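Keep in mind it's a predicted model, so treat the numbers as computed, not measured. Every number for a ligand or one of its atoms is a count from 1 in the order of the listing. Residue numbers start at 1 and run along the sequence shown.
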Amino acid sequence: MSNILELKNIGYSYHNLHGETRALEDISFGVAEGEFVAVVGPSGCGKSTLLSIIAGLLTPERGTILVNNPDGSIRHPGIGYMLQRDHLFEWRTVYRNVTLGLEIQKKLTPERLETIERLLREYGLEKFRDKRPSELSGGMKQRAALIRTLALDPRLLLLDEPFSALDYQTRLTVSADICRLIRETGKTMIIITHDLAEAISLADRIIVLSGRPARVKREIPVKLTLKDDSLLAARNAPEFQDYFNSLWEDLTYEK
Ligand code: ADP
Ligand code: MG
């Protein structure tokens with residue numbers, strides 16, 4: 001099977017003093033190696049919960065997650081998690097931020113450090129290695145966060161609304177930029193976004209979730225005829241508006 005990940009009938013509820021909050025109900029889908037999947041759904045429906053379950057941070061109450069590794073084992077693949085904020089530490093330089101993951105995991109090997117050097121060069125951050133995060137633009141901070149994530153060589157990248165702290169203009173270029181960089185690595189990505197245009201322009205497939213408890217309402221394979229492969233051009237593809245309208249309807253007319 002070429003799927004890196006297979007979710008089967010996942011269910012999850014939060015329990016606290018006020019009772020039960022059902023977050024996920026009977027969620028099933030697979031993700032192929034190298035695929036970019038976008039997850040969209042109403043605010044509060046359970047998207048972050050779903051990502052936490054995939055990351056192994058929460059254990060599903062019902063259902064199973066199967067993970068396929070190249071060696072046939074079913075333990076968790078290396079997972080990289082990028083959140084809404086870049087979570088760079090101001091008291092560390094850019095260099096000491098991007099090496100932080102390796103430092104924590106005690107994996108500061110010469111090969112890994114060489115990878116970091118290469119990424120710093122490729123991502124145009126070499127000159128900024130001794131700067132503090134506050135001296136970087138929003139786009140550069142996200143690039144630094146990406147280097148820190150990629151340094152651990154994850155097979156699967158999970159991105160939870162990673163660009164939503166950026167203003168609209170910056171967001172367009174940064175999301176296109178980061179996704180191109182991830183594509184080049186051949187890694188698999190699951191990204192949560194509330195920006196439908198972003199989902200259409202960067203994903204191979206969009207999973208639409210219902211309101212809480214989230215169920216898979218629809219899966220939409222995205223095929224755009226593009227003049228070139230830039231994400232900004234994707235927004236001008238003739239099919240773009242049809243995808244947009246159909247997603248809009250899915251999310252506006254609940255149930
Ligand atoms: P989304 O990311 O789609 O906005 P979440 O997965 O963060 O939604 O949350 C889904 C639902 O679960 C929401 O109603 C939220 O209030 C609730 N929830 C999230 N985390 C907790 C928690 N730790 N304890 C109780 N309820 C929670
Ligand atoms: Mg969320």
Side-chain angles (χ1 to χ4, degrees), residues 5-31 36-65 76 79-88 138 141-142 145-146 148-149 154 156-168 170-171 174-175 178-179 182 188-203 205-220 222 244 246-255:
L5 191 71
E6 196 75 53
L7 278 70
K8 289 202 168 92
N9 313 108
I10 297 293
Y12 190 85
S13 303
Y14 291 100
H15 299 272
N16 58 28
L17 291 177
H18 310 292
E20 182 187 39
T21 306
R22 278 163 65 220
L24 305 175
E25 186 86 18
D26 204 24
I27 303 248
S28 301
F29 63 88
V31 178
F36 276 27
V37 172
V39 176
V40 301
S43 169
C45 77
K47 300 181 294 297
S48 295
T49 306
L50 178 63
L51 225 54
S52 298
I53 285 183
I54 295 172
L57 301 171
L58 290 176
T59 311
E61 284 184 323
R62 293 172 295 280
T64 51
I65 299 188
H76 245 262
I79 283 178
Y81 210 156
M82 247 174 93
L83 302 166
Q84 199 160 339
R85 306 230 153 245
D86 48 65
H87 288 292
L88 299 173
K141 281 191 232 178
Q142 285 300 47
L146 181 65
R148 187 179 53 191
T149 309
L156 176 60
L157 284 163
L158 304 176
L159 279 64
D160 195 348
E161 309 210 20
F163 312 119
S164 52
L166 304 172
D167 63 77
Y168 182 70
T170 314
R171 182 187 173 98
V174 172
S175 61
I178 296 290
C179 289
I182 298 176
T188 311
M189 174 170 96
I190 303 177
I191 181 170
I192 290 177
T193 174
H194 60 254
D195 183 333
L196 302 184
E198 188 172 280
I200 299 164
S201 57
L202 62 82
R205 185 158 46 108
I206 302 174
I207 294 180
V208 184
L209 299 180
S210 69
R212 197 176 60 76
R215 300 165 193 267
V216 176
K217 194 167 176 181
R218 208 145 76 88
E219 289 191 41
I220 308 172
V222 181
F244 191 92
S246 143
L247 275 171
W248 184 264
E249 269 186 33
D250 270 342
L251 293 172
T252 310
Y253 304 105
E254 262 290 1
K255 283 161 210 156

*Under 3.5 Å, is there a donor-acceptor pair between the side chain of K47 and the main chain of V39?*
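Checking the backbone N and O of V39 against the side chain of K47, no donor-acceptor pair under 3.5 Å is found.
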*Backbone or side chain, does S48 get an N/O/S atom under 2.8 Å to the Mg ion (ligand 2)?*
yes
List of N/O pairs, ligand 1 versus protein, all under 3.5 Å?
from     : atom 1 : to   : atom 2 : distance (Å)
ligand 1 : 2 (O)  : S48  : N      : 2.9
ligand 1 : 2 (O)  : S48  : OG     : 2.9
ligand 1 : 3 (O)  : C45  : N      : 3.2
ligand 1 : 3 (O)  : G46  : N      : 3.0
ligand 1 : 3 (O)  : K47  : N      : 2.8
ligand 1 : 3 (O)  : K47  : NZ     : 2.9
ligand 1 : 4 (O)  : G44  : N      : 2.8
ligand 1 : 6 (O)  : S48  : N      : 3.4
ligand 1 : 6 (O)  : T49  : N      : 2.9
ligand 1 : 6 (O)  : T49  : OG1    : 2.5
ligand 1 : 8 (O)  : G46  : N      : 3.2
ligand 1 : 14 (O) : R212 : NE     : 3.3

*Taking side chain to side chain contact (heavy atoms under 4.5 Å, CB included) as the test, write out the residues that go with H18, two or more places apart.*
N16
*Give, for atom CG of L157 and atom CG of L146, the distance between the pair rounded to the nearest 0.5 Å.*
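Reported to 0.5 Å precision, the distance equals 7.0 Å.
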*With sequence neighbours left out, write down each residue that passes side chain to side chain donor-acceptor pair (under 3.5 Å) with T170, or none if nothing qualifies.*
D167
*Please identify each residue that fulfils side chain to side chain donor-acceptor pair (under 3.5 Å) with R205, with sequence neighbours left out.*
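Side chain to side chain donor-acceptor pair (under 3.5 Å) check on R205 returns E35, E219.
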*asked:* For Y12 and S52, which I'm curious about, is there any donor-acceptor pair between the side chains at under 3.5 Å?
replied: no
